[in-house]
Amino acid sequence: MAASFASVPTFSFVNSSRFPRKRFDFSCSKKTLDDVRSCSSGNNKQERGAFSSLKECALSLALSVGLIAAVPSISSPPDAYAVAANPAIPDVSVLISGPPIKDPGALLRYALPIDNKAIREVQKPLEDITDSLKIAGVKALDSVERNVRQASRSLQQGKTMIVAGFAESKKDHGNEMIEKLEAGMQDMLKIVEDRKRDAVAPKQKEILKYVGGIEEDMVDGFPYEVPEEYRNMPLLKGRASVDMKVKIKDNPNLEECVFRIVLDGYNAPVTAGNFVDLVERHFYDGMEIQRSDGFVVQTGDPEGPAEGFIDPSTEKTRTVPLEIMVTGKKTPFYGSTLEELGLYKAQVMLPFNAFGTMAMAREEFENDSGSSQVFWLLKESELTPSNSNILDGRYAVFGYVTDNEDFLADLKVGDVIESIQVVSGLENLANPSYKIAG
């Protein structure tokens, strides 16, 4: 019985050599070339927002029943899935909730191991542009202007502290990011002046990437030692980005899509390192989507009886421990859920807030049984609010889909992952076993 977040089917594993490694553009292509739509368009989000309210209510109720009865709440008929092992569900939901941060980029920025108040004061008003855009029409632009001017003032007032926070080896790059941020904010003010509302969100995303770059330049090396028992495993000591190209079947509107995923090794070095190592082995290339039920999209169960990745050097399934980083702690907890540790009020660094949160699947009663099966959360954070849901502290989050995440909802069982490619951060992978394997 395969390790899983919930029951998943078994599908054939296609030889990865069929898919060449190359860089893909960020687009989801339609079969009709005359009617191409961008992955970043809002159409899909609106469709998802209208997605069967009755189904969401039923799902929410099922989750609640699961909390009370302490039984798996999301399951399918045994004959529909080849491998069972439903998720472990807590008896009660007692973790503290708060206003959820839904944006994956913001979650990643706040998850960095830095303590620099000055850059956070720049970051916050730029993120608040999202709320400003909820105002109807061009009136939103006045609020956007206030956001940008506040961020600009904070940058000028705090620049000395920001520059002082850079790691010595990253100062040049950090200063370059500051210059790009300043230019980007001036561009945003010009957009506001020209009353081009539609140009605000793309520019906001661009300048927030500069903010994220500045913050990453404040991290000086890897901030802690991984426990000795996991020290020789593949470890991602930092961050990496991957592009996952998926071939969409039986969808007249969408033929293929490339998802950008940022993997966070600062908060989950073992889990993220394991995944990057498998990506470099082409483990997922040619594999099918094995679950898509409106709650999660899941893949990673190889063909045959194996429960995960079989390490050729040992001929055994390679597993990783449950790995949870908590706010205020310097190192992750390993092998236990927060509930088992009695940390009911603890705040996880990587919460299940964002649409497209990526986590490691595992067997119900085996915390350290994760291997190759991964899943992406599809529910909005209203149904899974931060630190008061059935997932935080029980499954190891190790990344977020940051581009084209809305199109995860279009994936169906049988759609094919043509390739997953590391596009940045591979140098942060320590102990890569794929090199040993040749």
### Query
Under the side-chain contact (heavy atoms from CB on, under 4.5 Å) criterion, do Phe259 and Val246 qualify, and how do the steps go?
CA-CA 8 Å; Phe259 300 92; Val246 181; 3.9 Å; yes
Just by distance, do the side chain of [X] and the backbone of [Y] share a donor-acceptor pair under 3.5 Å?
{"X": "Asp406", "Y": "Ala409", "result": "no"}
{"X": "Asp217", "Y": "Phe166", "result": "no"}
{"X": "Asn431", "Y": "Arg231", "result": "yes"}
{"X": "Asn267", "Y": "Met325", "result": "no"}
{"X": "Thr271", "Y": "Ala396", "result": "no"}
{"X": "Ser241", "Y": "Val423", "result": "no"}
{"X": "Ser371", "Y": "Phe309", "result": "yes"}
{"X": "Lys316", "Y": "Asp311", "result": "no"}

### Message
Under the rule for side chain to side chain contact (heavy atoms under 4.5 Å, CB included), what residues qualify as partners of Asn428, not counting sequence neighbours?
### Response
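Side chain to side chain contact (heavy atoms under 4.5 Å, CB included) list for Asn428, sorted by chain: Leu236.
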### Query
Who pairs with Lys205 by side chain to side chain contact (heavy atoms under 4.5 Å, CB included), at least two apart in sequence or on another chain?
Lys209, Asp403
Ion pair present between [X] and [Y], side-chain N to carboxylate O less than 4.0 angstrom?
{"X": "Glu215", "Y": "Arg120", "answer": "yes"}
{"X": "Lys245", "Y": "Asp243", "answer": "no"}
{"X": "Arg318", "Y": "Asp277", "answer": "yes"}
{"X": "Asp415", "Y": "Lys412", "answer": "no"}
{"X": "Glu168", "Y": "Lys171", "answer": "yes"}
{"X": "Asp103", "Y": "Arg109", "answer": "yes"}
{"X": "Arg239", "Y": "Asp264", "answer": "yes"}

State the [atom1]-[atom2] distance between [X] and [Y], to the nearest 0.5 angstrom.
{"X": "Leu181", "Y": "Glu176", "atom1": "CG", "atom2": "CD", "answer": "12.5 Å"}
{"X": "Met287", "Y": "His282", "atom1": "CE", "atom2": "NE2", "answer": "13.5 Å"}
{"X": "Met358", "Y": "Ile261", "atom1": "CE", "atom2": "CD1", "answer": "5.0 Å"}
{"X": "Leu278", "Y": "Ser433", "atom1": "CG", "atom2": "OG", "answer": "7.5 Å"}

### Query
Who are the ring pair (Phe, Tyr, Trp, His ring centres under 6.0 Å) partners of Phe398, not counting sequence neighbours?
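Ring pair (Phe, Tyr, Trp, His ring centres under 6.0 Å) check on Phe398 returns Phe275.
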### Message
Pairing donors with acceptors under 3.5 angstrom, does anything connect the side chains of Thr299 and Glu288?
### Response
no
### Query
Could you walk me through whether Lys124 and Glu127 pass the salt bridge (charged side-chain N to carboxylate O under 4.0 Å, His left out) check?
CA-CA 5 Å; Lys124 182 62 167 61; Glu127 291 173 345; over 6 Å; no
### Query
Does the side-chain contact (heavy atoms from CB on, under 4.5 Å) test come out yes or no for Met244 and Ile417, once each step is laid out?
CA-CA 7 Å; Met244 179 173 73; Ile417 299 173; 4.0 Å; yes
### Pairwise side-chain contact, Leu341 with Ser336, heavy-atom cut-off 4.5 Å (strictly under)
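Yes, their side chains come closer than 4.5 Å.
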### Query
Between Leu107 and Pro351, what is the shortest heavy-atom contact and its length?
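Minimum heavy-atom contact is CD2-CG, 3.8 Å.
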### Summary
Closest heavy-atom pair, Gln298 versus Ala361, reported as atoms and distance to 0.1 Å, is NE2-CB, 4.1 Å
